[in-house]
**Student:** 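Sharing a structure with you now.
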Number of protein chains: 2
Amino acid sequence: MNIGQAAKASGVSAKMIRYYEQTGLVSPAARSGAGYRTYAEKDVHTLRFIRRARDLGFSVEGIAELLALWRDRTRHSADVKDMALGHVAVLRKKITELEAMAQTLQSLASCCAGDERPDCPILKDIEDGTDGPARAPHRFGLLPDGGA
Amino acid sequence: MNIGQAAKASGVSAKMIRYYEQTGLVSPAARSGAGYRTYAEKDVHTLRFIRRARDLGFSVEGIAELLALWRDRTRHSADVKDMALGHVAVLRKKITELEAMAQTLQSLASCCAGDERPDCPILKDIEDGTDGPARAPHRFGLLPDGGA
DNA sequence: GTGGGGCTTCCCATTGTGGGAAGGTCAATG
DNA sequence: CATTGACCTTCCCACAATGGGAAGCCCCAC
């Protein structure tokens, strides 16, 4: 199976498969005489694992750990659980931050007339910083959505 | 005031101030004889506005719009409100996605013994993809946290 | 033998942010 | 006045994960 087939079968784009290979997340694929990467069912299985882990929000680095555990028949399920729960904590923290932003904005918006006049409590707040020293983060890229 | 002072006063790092200038979010600062950027209170005020908007999760592009509205004395508060609410919608969507991940992971973890044995429902699930075709996103960078 | 589609590698862009090097400046102290 | 240390300048690099696209080779079907 060539990379295009593997991509379709696994839900990971060809571009990403090459990237994962390049960064060492997956081992280099076998090559055909012409230099084409060839994949077996087993490889697709791994790619699928990766995609699912990505869908659960794990970083590539986290996936590397997960893959290592997956392949280690002597693993302790406690280690996997720790990773999962640790990630849940990260997720929840992020959610909390996002929620704080949303709530602030929402309440600000509810004080805004939303008409043709210029007066706006939202801008006033951003300007004066009444929203507290909430050192919240930002920078959460919105899904370029590599279509499934 | 030099850039370092402005950075401290506004909560925006010097690096970022230069970046914002370079990308046109703020207009080029005045320069001293030696080529040092100099800032007035007014500039710091603008930088503070930017930082607050970032804290509310707006992208630089969004902030550019917000700034334009802020400076436009003939703005309609409705436009500001639209932006705020639009952003809230984006935030909520993100939250929903994150929550789906957290919930899946949490429930999976709760089925995991978490002991020294290798059997693990979490890995099984990721492997077999029982978690549904939830094409959720990922890639939400966690705050490098430019400490304020 | 030719066309179209798939594959290869390589480079670029994205979004904000920080790190660091090489060099100029400035203020204070000896 | 000279040195020192803190500050400024520009320029390049890196990150994380992903897509876009170009140039060129390959393979199969017709």
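Just so we're on the same page: letters track the sequence lines, and every chain starts at 1.
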**Student:** For Lys94(A) and Lys94(B): C-alpha separation, side-chain torsions, deciding distance, then whether side-chain contact (heavy atoms from CB on, under 4.5 Å) applies.
**Tutor:** CA-CA 10 Å; Lys94(A) 196 80 198 153; Lys94(B) 196 80 197 154; over 6 Å; no

**Student:** Taking the nucleotide of DNA chain D with the nearest heavy atom to each, does Thr38(B) or Ser59(A) sit closer to the 5' end?
**Tutor:** Thr38(B)

**Student:** Rounded to whole angstrom units, what separation is found between the CG atom of Leu47(A) and the P atom of dT18(D)?
**Tutor:** 13 Å

**Student:** Can you check whether Val88(B) reaches Gln103(A) side chain to side chain, under 4.5 Å on heavy atoms?
**Tutor:** no

**Student:** Quick test: give all pairs of protein nitrogen or oxygen and nucleotides 24-30 of chain D nitrogen or oxygen below 3.5 Å, distance rounded to 0.1 Å.
**Tutor:**
residue: dC26(D); atom: O4'; partner: Tyr36(A); partner atom: OH; Å: 3.4

**Student:** Going by the ring-ring contact (aromatic ring centres under 6.0 Å, His included) test, which pairs reach into residues 18-47 of chain B, not counting sequence neighbours?
**Tutor:** His45(B)-Trp70(B)

**Student:** For DNA chain D, which residues in residues 14-29 of chain A have a heavy atom at a distance below 4.0 Å?
**Tutor:** Lys15(A), Met16(A), Tyr19(A), Tyr20(A)

**Student:** What is the separation between atom CZ on Arg31(B) and atom C1' on dT25(C), rounded to the nearest whole Å?
**Tutor:** 14 Å

**Student:** Between dT17(C) atom P and Arg51(B) atom CZ, what is the distance in whole Å?
**Tutor:** 11 Å

**Student:** Can you tell me how far C1' of dA6(D) sits from CG of Asn2(B), to the nearest Å?
**Tutor:** 11 Å

**Student:** Taking 4.0 angstrom as the limit, do Asp119(B) and Arg117(B) come out as a salt bridge?
**Tutor:** no

**Student:** Please report the distance, rounded to the nearest Å, between NZ in Lys94(A) and C1' in dA16(D).
**Tutor:** 13 Å

**Student:** Side chain of Arg54(A): nearest nucleotide among dT9(C), dT18(D), dG16(C)?
**Tutor:** dT18(D)

